[in-house]
There are 2 protein chains.
Amino acid sequence: MKALLIICDGMGDRLTNGKTPLEAAKKPNFDRIARDGVTGLVHTVAPGVAPGSDTSHLALFGYDPCECYKGRGPLEALGENVKLEKGDVAIRGNFATVEGGVIKDRRAGRDEYGLDELAKSLDGMLIDDVKVIFRKATGHRAIVVFRGKGLSAKVSDTDPEEVGSHIKSSIALDNSQEAKRTAMIVNKFTEKACKILDGHKANKERVKMGQLPANAVLGRSAGISEPVVPFGEKYGIRAAAVAGVTLVKGVCRSVGMDMISVEGANGHRDTNLKGKADAALKALDDHDFVFLHIKGTDEVSHDGDFEGKKRMIERIDKEVLEKILKKADLKNTTIIVTADHSTPIGLKRHSADPVPIAILGDVLTDDVKKFDERSCAKGYLGHIMGRDMMNMILDLTDHSKLFGG
Amino acid sequence: MKALLIICDGMGDRLTNGKTPLEAAKKPNFDRIARDGVTGLVHTVAPGVAPGSDTSHLALFGYDPCECYKGRGPLEALGENVKLEKGDVAIRGNFATVEGGVIKDRRAGRDEYGLDELAKSLDGMLIDDVKVIFRKATGHRAIVVFRGKGLSAKVSDTDPEEVGSHIKSSIALDNSQEAKRTAMIVNKFTEKACKILDGHKANKERVKMGQLPANAVLGRSAGISEPVVPFGEKYGIRAAAVAGVTLVKGVCRSVGMDMISVEGANGHRDTNLKGKADAALKALDDHDFVFLHIKGTDEVSHDGDFEGKKRMIERIDKEVLEKILKKADLKNTTIIVTADHSTPIGLKRHSADPVPIAILGDVLTDDVKKFDERSCAKGYLGHIMGRDMMNMILDLTDHSKLFGG
C-alpha cells in the first residue's frame, strides 16, 4: 500500500456568518473522501498551540518540533536549495529600502528588478574569517548564511518589522562568546551590505525607472540546523514531496524527502494545482509515500478573504482531488487530506483550532458525510495529535512495525 | 479579548436515580452558554486521577501539579495571607479537644470562641532556633509555620483523623537529618501547645460556657512552597481571582493572581454569589483574565445532598451566570464554565470523572444544547486535558504566541 498525504495550508477556520469556508464551499471530492473514508480532528502540534507551518509539518511528519525545530532561517535556506554545512548560521533576509538610516519600505517596493545582480554583489563577502553566502529567494526575499568556526544562532533580528524605524543592531541572546561574535559579524554584514548596495548600478537603474532602491538587507530568524534521522530511514519507506512554498520545501528537505519540482507551483493562490496533482500521482509510481502541499488556502486566510478561501478550496477539490480520485490506484493507495493548522479569516493569523482530517483506504468508516471542521469532529478518529499521524498512516499502509512480541 | 473563567467546585457527578444534579437542575444560563458556545469534557489532572482542588486548579491554570505541588500546607497558609519565606515548613492545623491524652473532638466543637486569643498565645513560640508562626484560620482551623534553617517537609501528620485516638508523633518520612529534626520540632510544638492551651483562661471560659476546650493542635499536610513562574509572566496577561475558600485562594496567590475580596464570600453554600459575580465583572475592567471560583457545589456533594446540589447549581445559574451574561461585554469577553473535579453525591468524595466545559466566544459551535456531563460529552471539543485549557483560552482570546515561523 502507498500513501498520498495532501495538506492544505491553513485550511481550518472558525465561523464567519455561521459557517467555515469548508462548510460553505462546494467540494464533492473532499466530501467523498470523508464519506467513503474515516474522519477526525488533528491537533498538529498540541491542543491550544498555534503553530507555524514549519513546526506543524515537522510534527505531522513525526518529528517533535520542541526538540528538532531550530528556527526558520535554516529551513528557508534549505527551501531555496542552499546547501548548509555543520555550524552554518542561516538567516531569512529581506531586500529593503532605507532613506537617511530609516526604513522606508521593508520589501523595496516588492519589485524584483536587479535583485539577482544585487544578491551576487553580496555573495562571498568575508567578515573576519566568516564567509557570507547570499542568495536571492522568492520575491524580495533572500537567504543569508554565515559560514565559519564558533558561530551561534543566539542572536537577535536586525529587522525591526516596522517602517519608519532604524535597522536594529543584532545583539547576543545569551552570554556566550560565540553569540557576541556572531552578532558583531551580522552587524558588520548589514553595514557592508548597505554600502555595496547603495552604490550599485542596479539600484541606480531601479531609481531611474522610478522604483525604490533595494539598498539594505533586514535579517530575522537565525538558526543552525541540526540533522535528524531521515524520513526514509525512520519509517523504512521512500518518500517524495511536491510543494511550492519555500518554508515547506525546506522542512521536506530537512527530513530528506525527494523534492519534485513543478512548473508554476509558486506557493500562491494562482499556483499550478493541476501540475502539482499530476506530479504527485507520478511520484506514487516509485515512492511509498507522497506528500502534496498546497499553500493558497493559507494565503487567502492571511488576507481575511472568505470568498477567496472558499474558491481556493473549490479549486483544490476540482483540480487536485477529482484528478487524484480518478487516476490514483485507490485499491493500493491510501489518500489522506488535512491541514497543517487553522488560519481563521476573522483573525488573519494562525490559531490553535484543530483541523479536519479524512482518510480513504482500508479504514473503519464512520457516519460523517462532509469534510469540514464540525462534521469531522464527529468522526471515528476523534481528536488525534499530529505526532501520531505518520504512525497511523504507516499502519494503514502496511508499513508499521510490531512493537512487542 | 478578555476571558472570564468560572469554576464550580466539585460540580461534576454520576447518576442518582438516573440523573446527575446538572441534568436535574433548571439552569437556562448554563444551557445558553452550552447552546451558543462550544462544549466538551475536561480531565483536569489526567484520566482516572481524582484530584484535590489544589492539584486540579494548578493543572487548569497550566501548572503541572506533579512538578509544582508541594503539599496543602503552604497553599492553606498563602490562602490565609500568611507570607512564607524560603524554606518555611507550613502545616494545616486544627484546634481540637483532648481528654486524658485521647482526642475527644477533632474540631473542638467547631466553636470559635476564644480561638483568636488562643492562637496568639502560640504565635512566636521558639523551639530550639526555630520560630513558630501560628494563625487562626477559618472556623476551628489554623496555620502553623516553622521558620528556621535546615527544615524538611518530609514529616508525618500528628492528626490521626480519628476520635478516640492519641495525637500521633510526627516521624521523619525520609532518612535525612533535616526530616528527623523537623519531626522532633513538630512534636515539641505539639507538647508545648497542649500545655499553653490547657491552662489558658480562654479555655477556662469556654468550659464555663459549656463548650469543649480547644486544648490541642492537630497538624497535617506539611509542605515547603517553591516559587513558580507567575501567571502574568507565563502568559503575558493580567489576571485576577475571586474566591472564598482558603485553599483555592492559596493556589491563586501561589501563581501570583491579584486576589479580590468579596464581603460574605465564605466558601460555603450560603456564600454571597451576587457579590462575587459583581466583583468578577468589575475585575474585567482592568484585567485580561478573571477567575471566579464557587465552592458551594462541592460542599453539598461532600454532604451527599442531591437536592442541595441541584439548588446550588440553580442559584449559580440565576445569581452568577444570568448577571454575567447580561452585564459582560460578550463581544470582547470569552466566558468559560467548568468544574475542577467531580464529587459524586453517591461517593461524597472527589472522583476522576471528567467534568463538562462550555465556552462562549469566537468558537466553533456544536449541536449540544445542555450543560451537563452527558450532553457535553458530545461536544466539538471532545475530551481535553486540564493542562491544555489555558492555552486554548489564550488562543481564543488572541493572547497565544505562535510556535514556529
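In the text below, chain A, chain B and the rest are named by the order of the sequence lines, each starting its count at 1. The figures here come from the full heavy-atom set of this structure, side chains too, leaving out hydrogens, waters and symmetry mates.
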**Q** Is it the backbone or the side chain of P344(A) that comes under 4.5 Å from a heavy atom of chain B, or both, or neither?
**A**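 No part of it gets close to chain B.
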**Q** Would you check if the side chain of D54(A) reaches a backbone N or O of G404(B) as a donor-acceptor pair within less than 3.5 Å?
**A** no
**Q** Closest approach of T55(A) and F403(B), non-hydrogen atoms and distance?
**A**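 Closest approach of T55(A) to F403(B): OG1-O, 2.7 Å.
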**Q** Of the backbone (N, CA, C, O) and the side chain (C-beta and beyond), which part of T20(A) lies under 4.5 Å from a heavy atom of chain B, both, or neither?
**A** side chain
**Q** Give, for atom NE2 of H341(A) and atom CG of L402(B), the distance between the pair rounded to the nearest 0.5 Å.
**A**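 Here the interatomic distance stands at 8.0 Å.
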**Q** Would you say that K378(A) contacts Y380(B) through its side chain, given a criterion of any heavy-atom pair below 4.5 Å between the two side chains?
**A**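 No. Closest side-chain heavy atoms not under 4.5 Å.
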**Q** Specify which of L41(A), D353(A), L58(A) makes the most heavy-atom pairs with chain B at under 4.5 Å.
**A** L41(A)
**Q** Measuring only between side-chain heavy atoms, which start at C-beta, is L347(A) closer than 4.5 Å to D362(B)?
**A**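 Yes, at least one pair of side-chain atoms sits under 4.5 Å.
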**Q** Under a 4.5 Å heavy-atom cut-off, does chain A meet the side chain of D398(B), its backbone, both or neither?
**A**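 D398(B) touches chain A through backbone and side-chain heavy atoms alike.
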**Q** Given that the side chain runs from C-beta out, which part of S53(A) has a heavy atom under 4.5 Å from chain B: side chain, backbone, both or neither?
**A**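 Only the backbone of S53(A) comes within 4.5 Å of chain B.
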**Q** For chain B, which candidate among A50(A), C66(A), G71(A), A377(A) shows the most heavy-atom pairs at distances under 4.5 Å?
**A** A50(A)
**Q** If you count the non-hydrogen atoms of other residues, nucleotides and ligands that lie under 6.0 Å from NZ in K2(B), is the total more than 12?
**A**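 Atom NZ in K2(B) is packed in, count exceeds 12.
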**Q** More than 12 foreign heavy atoms under 6.0 Å from NZ of K369(A): is that the case here?
**A**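 Yes, enclosed.
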**Q** Tell me whether D395(B) is salt-bridged to R349(A), with the criterion being a basic N under 4.0 Å from an acidic carboxylate O.
**A** yes
**Q** Which one wins on heavy-atom pair count under 4.5 Å against chain B: E373(A), H43(A), H350(A)?
**A**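 With the most close heavy-atom pairs to chain B, the winner is E373(A).
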**Q** Can you tell me if K323(B) has over 12 outside heavy atoms packed within less than 6.0 Å of its NZ?
**A**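 Correct, the count exceeds 12.
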**Q** Do other residues, nucleotides or ligands put more than 12 heavy atoms under 6.0 Å from R106(A) CZ?
**A** yes
**Q** Does the distance from a Lys or Arg side-chain N to an Asp or Glu carboxylate O, for R374(A) and D367(B), drop under 4.0 Å?
**A** no
**Q** Could you look at L394(B) and say if it's the side chain, the backbone, both or neither that has a heavy atom under 4.5 Å from chain A?
**A** neither
**Q** Relative to chain A, which segment of K401(B) carries a heavy atom at a distance below 4.5 Å: side chain, backbone, both, or neither?
**A**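 K401(B) touches chain A through backbone heavy atoms alone.
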**Q** Is it the case that atom NZ in K370(B) sees more than 12 heavy atoms from other parts of the structure closer than 6.0 Å?
**A**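 Open: at most 12 neighbouring heavy atoms sit under 6.0 Å from NZ of K370(B).
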